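Just below is one structure, and these are the notes that go with it.
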Amino acid sequence: APDFAPAWFNLGKMLELQGRSIEAIAALHHALGLDPGHVAARIVLAQAQTSLGAVAQASANYREALRHQPGHPDVWTGLSNLKTERLSKSDVVQLQRALHAPKLSLQARVSLGFALARALEDQADFRAAFRALGEANGLKRRQMNWNASAARGELQAIIDAFAKPFRGPTDEGLGEEVIFIVCLPRSGSTLTEQILASHPRVEGAGELTDMQQVIDDESARRKQPFPRWAGAATAEDWRRLGQDYLARTERWRRHKTQFTDKNLLNWRLVGAAMAMLPRARVVNSRRDPVETCFGCYRQLFAGGSDFSYDLGDMASYWHDYDRLSRHWQRLFPDRFFEHVYEALQADPEAQVRRLLAFCGLEYDPACL
């Protein structure tokens, strides 16, 4: 049924979920050619364009979607996430009107509230923006089941389990292909990956879930949660797990010799990753703590950042991250690199050179 627009939309959506944005855009254009009023197709098209850096086209498609559905929360979320596009006074009015619509769902209220905060911020009405942000975060926090005390206990269990480095595989070359980028959200990890992926020898793989999956599978096999089983793992166990991770990520080494893995939760798994992959490198992308925490607080995440919707929870989570990061640096001084966002801003070339040298890469001006 080549004239069936929903089929082209579904194809485009699946391609975008697989990261095949160029193909997704073609399918979604086809869907919209058949049905220009297909708002969902226009939203996914804008998301695909955003992922490729086509911000102006994405903005135009979000605006066209709003013409059909002025209060659509997903459209406003996408539009407000285009950091280089300013929202206007009329956007503030439209968002306030949308928030007063009857029978608005809690999730819609959250999405529109974050977008309103961004629009008010763009108008330099910072007091009203912070008030809107507080209301939206408060609503979102009600949906979360975050326990800061339990999170701190889990972190202490990791420190206790990895009080010293484990004896890993005898193959000391294992993992030399891997560069882990660890950090909290809004700390410059994407910029760090873009710098490294600009090198001709490095593939930027994004936020891979493979390391967590390897850990989860081993926990299921042993019928014990991580990190409780870490002390019982032998050098052969760590080698097996490291090879499992390399097998899962093989596709990222088809054209380049090294690749980056910047899953934001890997900061908790550094001890295990170092035991599995003795030659892997870890880049800890750090940013000023207030900038980091507020950056998280003003961001509506798609998922996985349940700690970020309350300022107290966020501060507690940052302290946990800071404490464990310092522990890893003491444990692995030659394999754990502090890449500081503010230092990069102050002297980009010197910091890029330091980063590349740590990763065993010769300097390339493309990275700068």
Side-chain angles (χ1 to χ4, degrees), residues 2-101 104-105 107-125 129 132-133 136 186 190-191 193-194 204 206-207 295 298-303:
D3 295 332
F4 188 51
W8 287 103
F9 162 66
N10 284 334
L11 175 61
K13 186 175 182 179
M14 293 306 106
L15 288 166
E16 175 59 15
L17 286 170
Q18 291 181 353
R20 296 160 64 180
S21 297
I22 294 174
E23 296 169 85
I25 287 170
L28 293 161
H29 274 305
H30 205 118
L32 289 166
L34 295 166
D35 180 6
H38 198 305
V39 171
R42 204 166 288 281
I43 293 171
V44 179
L45 173 60
Q47 291 168 345
Q49 290 168 329
T50 302
S51 71
L52 294 177
V55 175
Q57 293 95 317
S59 178
N61 275 303
Y62 281 131
R63 293 292 181 187
E64 178 61 19
L66 288 175
R67 197 173 66 79
H68 291 275
Q69 295 186 27
H72 198 302
D74 293 344
V75 179
W76 282 110
T77 294
L79 192 60
S80 64
N81 280 333
L82 299 177
K83 303 304 182 189
T84 56
E85 294 289 298
R86 281 182 60 83
L87 299 183
S88 66
K89 287 183 180 179
S90 63
D91 289 327
V92 172
V93 173
Q94 198 169 339
L95 280 160
Q96 289 171 332
R97 188 182 301 128
L99 277 163
H100 285 97
L104 200 62
S105 71
Q107 187 54 49
R109 220 171 266 288
V110 168
S111 298
L112 294 169
F114 272 91
L116 176 61
R118 163 69 198 282
L120 288 164
E121 190 176 326
D122 282 353
Q123 302 311 304
D125 192 347
L133 198 55
R186 320 307 304 163
T190 300
L191 176 60
E193 181 174 62
Q194 287 172 340
E207 298 183 22
R298 63 194 286 273
Q299 178 71 42
L300 177 58
F301 292 98

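Note that this is a predicted model, so its numbers are computed, not measured. Because only heavy atoms are used, hydrogens play no part in the values below, and waters and symmetry mates are left out as well, while side chains stay in.
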- Query: How many angstroms lie between atom CD1 of Ile43 and atom NE2 of His38, to the nearest 0.5 angstrom?
  - Reply: 10.0 Å

- Message: Any side-chain to backbone donor/acceptor pair from Gln123 onto Leu87? Under 3.5 Å, distance only.
- Response: yes

- Would you say the side-chain atoms of Asp122 pair up with the backbone N or O of Ala119, donor to acceptor, closer than 3.5 Å? no

- Query: Do Gln18 and Glu23 come within less than 4.5 Å of each other through their side chains, counting heavy atoms only?
  - Reply: no

- Message: Strictly distance-based, threshold 3.5 Å: is any side-chain N or O of Ser51 a donor or acceptor partner for the main-chain N or O of Ala48?
- Response: yes

- Task: Could you tell me the separation between the CG atom of Asn81 and the CG atom of Leu300, rounded to the nearest 0.5 Å?
- Result: 7.5 Å

- Message: I'd like to know if the side chain of Arg118 reaches the main chain of Ser80, judged simply by a donor and an acceptor atom lying under 3.5 Å from each other, with no hydrogens or angles considered.
- Response: yes

- Under 3.5 Å: donor-acceptor pair, side chain of Glu193, backbone of Gly206: yes

- Check whether the side chains of Asp74 and Thr77 place a donor and an acceptor atom closer than 3.5 Å, and report yes or no. no

- Output all residues satisfying side-chain hydrogen bond (donor to acceptor under 3.5 Å, both in side chains) with Gln69, sequence neighbours left out; order by chain, then residue number. none

- Query: Between Thr50 and Gln47, is a side chain to side chain contact (heavy atoms under 4.5 Å, CB included) present by the stated rule, with each step listed?
  - Reply: CA-CA 5 Å; Thr50 302; Gln47 291 168 345; 5.6 Å; no

Please tabulate, for the side chains in residues 7-17, all donor-acceptor contacts under 3.5 angstrom to protein atoms that are two or more places apart in sequence or on a different chain.
residue	atom	partner	partner atom	Å
Trp8	NE1	Pro2	O	2.9
Asn10	ND2	Pro6	O	3.4
Glu16	OE1	Ser21	OG	2.9

- Item | Minimum heavy-atom distance Asn61-Ala46, with the two atoms named | CB-CB, 4.1 Å

- Message: Nearest 0.5 angstrom please: Gln57 CD to Tyr62 OH, how far?
- Response: 13.0 Å

- Query: Can you find a pair of side-chain heavy atoms, one from Leu66 and one from His68, that are under 4.5 Å apart?
  - Reply: no

- Short side-chain donor-acceptor distance under 3.5 Å, His100 and Gln96: no

- Task: Check for a donor-acceptor pair, side chain of Asp35 on one end and backbone N or O of Ala31 on the other, with a separation under 3.5 Å.
- Result: no

- Message: Rounded to the nearest 0.5 Å, what separates atom CG in Leu95 from atom CG in Leu112?
- Response: 6.0 Å

- Item | Side-chain donor/acceptor of Arg42 to backbone N/O of Leu32, under 3.5 Å | no

- Message: Suppose we screen for side chain to side chain contact (heavy atoms under 4.5 Å, CB included). Which residues come up paired with Ser59, at least two apart in sequence or across chains?
- Response: Arg63, Leu79, Leu82, Glu85

- Nearest-0.5 Å distance, NZ of residue Lys89 to CG of residue Asp125: 10.0 Å

- Message: Just so I know, are the side chains of Ile25 and Leu52 near enough to count as touching, which here means a heavy-atom distance under 4.5 Å?
- Response: yes

- Note on the structure: Smallest heavy-atom separation, Pro70 atom then Trp76 atom, equals O-NE1, 2.9 Å

